[in-house]
Amino acid sequence: MSLAGCRGDALRRLAEMPFLDRLELAAVSGWSRGAVYQAVSGLEQGGMAQAIPHATPLVSPTRRYCLTAAGLGRLAESEGVSPQQLSAHRPVSSSWRRILLERLDAVAVIYRVAAALSDAAHPLGFRWYRAASPDAGIQLPGGRTLAVVRMGNAADRTAFAKRLWRLSQETRPGAALLLVSDEVRLRQAARLLDALPLLGFLALEGDAARAGAGSPVWRGPPGSAPLSLREVVALVNPFGELPAEAAPRPEPIGANLDLEAAGNAPPSFLLPALLKPSEKRALDLLFDWPWLAPDHLGALMGVGQARLHQVLERLIGLGLAAKPVDGNRRLLALTDVGLALASRRDRSSVGVARRRWSVSSLDPQAPSGWRNVSGSRSRQLLRNLEHTQAVHRFLAALAIQSPGRGWRITQLDPPRRATRFFRHDGRLHSVRPDAFGVLQRDGRNHPFFLEWERRAVRPSTMAARIAPYLRYFATNHPLDDHGAQPMVLVVFDDELPATHFLRVAGMEMRRAGVAVPLWVSHRGFLEHAGPLGAAWQSQDAWEPAYAFGPLVAH
């Protein structure tokens, strides 16, 4: 085949799959890398394609390509239609371009999956969805179909469950590929799939972004071994169909992108292309932990003051983060623009995010303070700021101490993702910790719940605090949720209530006949030894001991 043929195919592919990079384009088209590089270079030099930079914490820096107005005009001419008519069947309109740019971090991971899949089944058909349950649909040879569904950090668990349910009730695909951000959510999604008439395969988003067609990173039906995409393709139901969306009316095609002209005030849909991975990491942390002190954010990011200043200057300058003042304290939180950016990336409701987490003022003329914060949950966190900052301080100390002791933090979840629902004695219950985390060392995961307790000062309230965990650990859910028994870490401000709580919790465990892997500490112990030091007491260790195990020489 000629270079002209490769160039024409590249035009068609970039109209069907805007913002592919050259390696992904080579994979899905079947052309050699050399031919694709030459073809794309020719399109770029001829003004028919343009590149935008892109990188995320999961995807290495690359250049992603889309067609310009001239490129779309050339494609329309070759197909005998108008440029506007192209938008009826391909995502090339201005509105489609905006949607894909807003979801660009998710788009990049899904394209990596499609590129790996091309090595297992070729050729592929591909389509994006605006509002249907899947993020994307893939047509395999022989008419088999795959729906790709991603659950990002900002996605609401209930909304995601509804998306899966709708997918199972629609014209059901041959199988679904589910991408999730962490192991706990993967297990939750697997349980959702078990209850639905839908064949699904799950993978951690980071694994899927890096894996090839032969890498066994996909989880199939319960009891099956990890699968590769080649094995997944062989199991796809041949009778499935992808959901249909109403064909949009012809729309104006997307204008050429000009990142340099955007300057310091770019439109919000360009921000995923303009932000660096460290800046996106900071955005995710501020979405999870509103009202972070700058030092705590730096610790969680693992960066020094100079780099932290650069990141914050950039985010604040772009209007994504702010430093609201509470008394003499300047704390960090996302603006409404930042909340919208995270929500649109993960196909989550912007309105819900703002109602819950906005830090904008209810009344610009009123004094600052928790009563004047518009977001219901951010208002609650600010109202209990001492407790909020105590949790942040613990997590920051854990992040600082972990590398030197041979530990790696693989997961830190805020309360909304740390909550666990379960059934016990026929009723629905929950545990609602202040945080959940997973530490890893020597290939083993060590999950934990964190409760920073300030109100349980009487035996009755102490018993009430341990009761949800007694119910939880009386079931198989702890192991099902995490693959290992999580510890329950409870921290008090003072030593006396910590000692009393340990005694009361021991009595309640003996009464219920349930063992909770409980460790108790107080602020004084933690300030001296740190979360990974000998700062914890348990039923078996009333003297200060290591909850996570002592320092191991490496």
Side-chain angles (χ1 to χ4, degrees), residues 1 3 5-40 54-56 58-65 104-128 134-150 173-180 186 199-221 224-238 240 242:
M1 297 288 285
L3 181 59
C6 181
R7 191 173 297 172
D9 194 25
L11 274 174
R12 288 188 293 274
R13 292 284 180 177
L14 290 175
E16 294 166 357
M17 304 172 72
F19 305 112
L20 283 167
D21 72 12
R22 289 173 295 185
L23 291 178
E24 294 158 357
L25 178 55
V28 300
S29 67
W31 292 86
S32 70
R33 292 185 183 181
V36 166
Y37 273 57
Q38 281 188 279
V40 171
H54 181 245
T56 77
L58 299 180
V59 179
S60 300
T62 187
R63 285 158 53 88
R64 300 195 167 276
Y65 289 83
L104 193 57
D105 293 356
V107 166
V109 173
I110 293 172
Y111 278 160
R112 291 295 164 96
V113 173
L117 195 59
S118 296
D119 197 33
H122 193 82
L124 299 180
F126 189 95
R127 66 171 298 179
W128 286 108
D135 292 275
I138 298 175
Q139 193 87 29
L140 301 173
R144 294 169 297 167
T145 55
L146 283 170
V148 184
V149 188
R150 176 182 173 272
L177 299 180
L178 272 62
L179 302 169
V180 293
L186 187 146
L199 176 62
F201 302 92
L202 304 98
L204 296 177
E205 190 174 19
D207 291 344
R210 293 185 290 267
S215 304
V217 301
W218 295 87
R219 325 278 177 94
S224 64
L227 303 170
S228 68
L229 280 175
R230 288 195 180 93
E231 294 167 317
V232 166
V233 166
L235 297 173
V236 174
N237 185 335
L242 290 170

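- Looking at heavy atoms from C-beta onward, Thr145 lies out of side-chain contact with Leu140 at the 4.5 angstrom threshold.
- Contact annotation: the side chain of Arg64 approaches that of Tyr111 to within less than 4.5 Å [non-hydrogen atoms, C-beta and beyond].
- Between Tyr65 and Pro18, every side-chain heavy-atom pair lies at or beyond the 4.5 Å cut-off.
- Side-chain contact between Arg63 and Asp21: absent, with no pair of heavy atoms (C-beta onward) separated by less than 4.5 Å.
- Annotation: salt bridge (charged side-chain N to carboxylate O under 4.0 Å, His left out) contacts of Arg12 (sequence neighbours excluded): Asp9.
- Rounding to the nearest 0.5 angstrom, the gap separating the CG atom in Leu199 from the CG atom in Leu235 is 7.0 Å.
- In this structure, CD1 on Ile138 lies 8.0 Å from OG on Ser118, to the nearest 0.5 angstrom.
- Under the 4.5 Å side-chain criterion, counting only non-hydrogen atoms from C-beta, Leu177 is in contact with Val232.
- The shortest side-chain heavy-atom distance between Phe126 and Glu16 does not fall under the 4.5 Å cut-off.
- The CZ atom of Arg112 sits 11.0 Å away from atom CZ of Arg210, with the distance rounded to the nearest 0.5 Å.
- Here Glu205 pairs with Arg150 under the salt bridge (charged side-chain N to carboxylate O under 4.0 Å, His left out) rule; sequence neighbours left out.
- Residue Ala213 comes nearest to Ala116 through the heavy atom pair CB-O, 3.2 Å, listed as atom of the first residue, atom of the second, then distance.
- Closest of all the heavy-atom pairs between Leu179 and Val109 is CD1-CG1, 4.0 Å.
- For the atom pair CG (Leu178) and CZ (Arg219), the distance works out to 12.5 Å, reported to the nearest 0.5 Å.
- Shortest non-hydrogen contact noted between Pro173 and Leu242 is CB-CD2, 4.2 Å.
- Side chain of Glu231 to backbone of Ser228: a donor-acceptor contact under 3.5 angstrom is found.
- The two residues Ala55 and Pro61 make their nearest non-hydrogen contact at CB-CA, 3.6 Å.
- Val107 has its side chain within reach of Trp128: a pair of non-hydrogen atoms, C-beta onward, lies under 4.5 Å apart.
- We find the CG-CG distance between Leu202 and Leu186 to be 5.0 Å, quoted to the nearest 0.5 Å.
- Pairing each heavy atom of Leu124 with each of Ala114, the nearest pair is CD1-O, 3.5 Å.
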field: Test log, rule side-chain contact (heavy atoms from CB on, under 4.5 Å), inputs Met17 and Leu14
entry: CA-CA 5 Å; Met17 304 172 72; Leu14 290 175; over 6 Å; no
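- A donor-acceptor pair under 3.5 Å is formed between the side chain of Arg144 and the backbone N or O of Val233.
- A heavy-atom distance below 4.5 Å is not found between the side chains of Thr62 and Leu23.
- Arg230 pairs by the salt bridge (charged side-chain N to carboxylate O under 4.0 Å, His left out) definition with Asp119, not counting sequence neighbours.
- His54 and Ala108 get closest at one heavy-atom pair: CE1-CB, 3.6 Å.
- Not one N or O on the side chain of Ser215 forms a donor-acceptor pair closer than 3.5 Å with the backbone of Val217.
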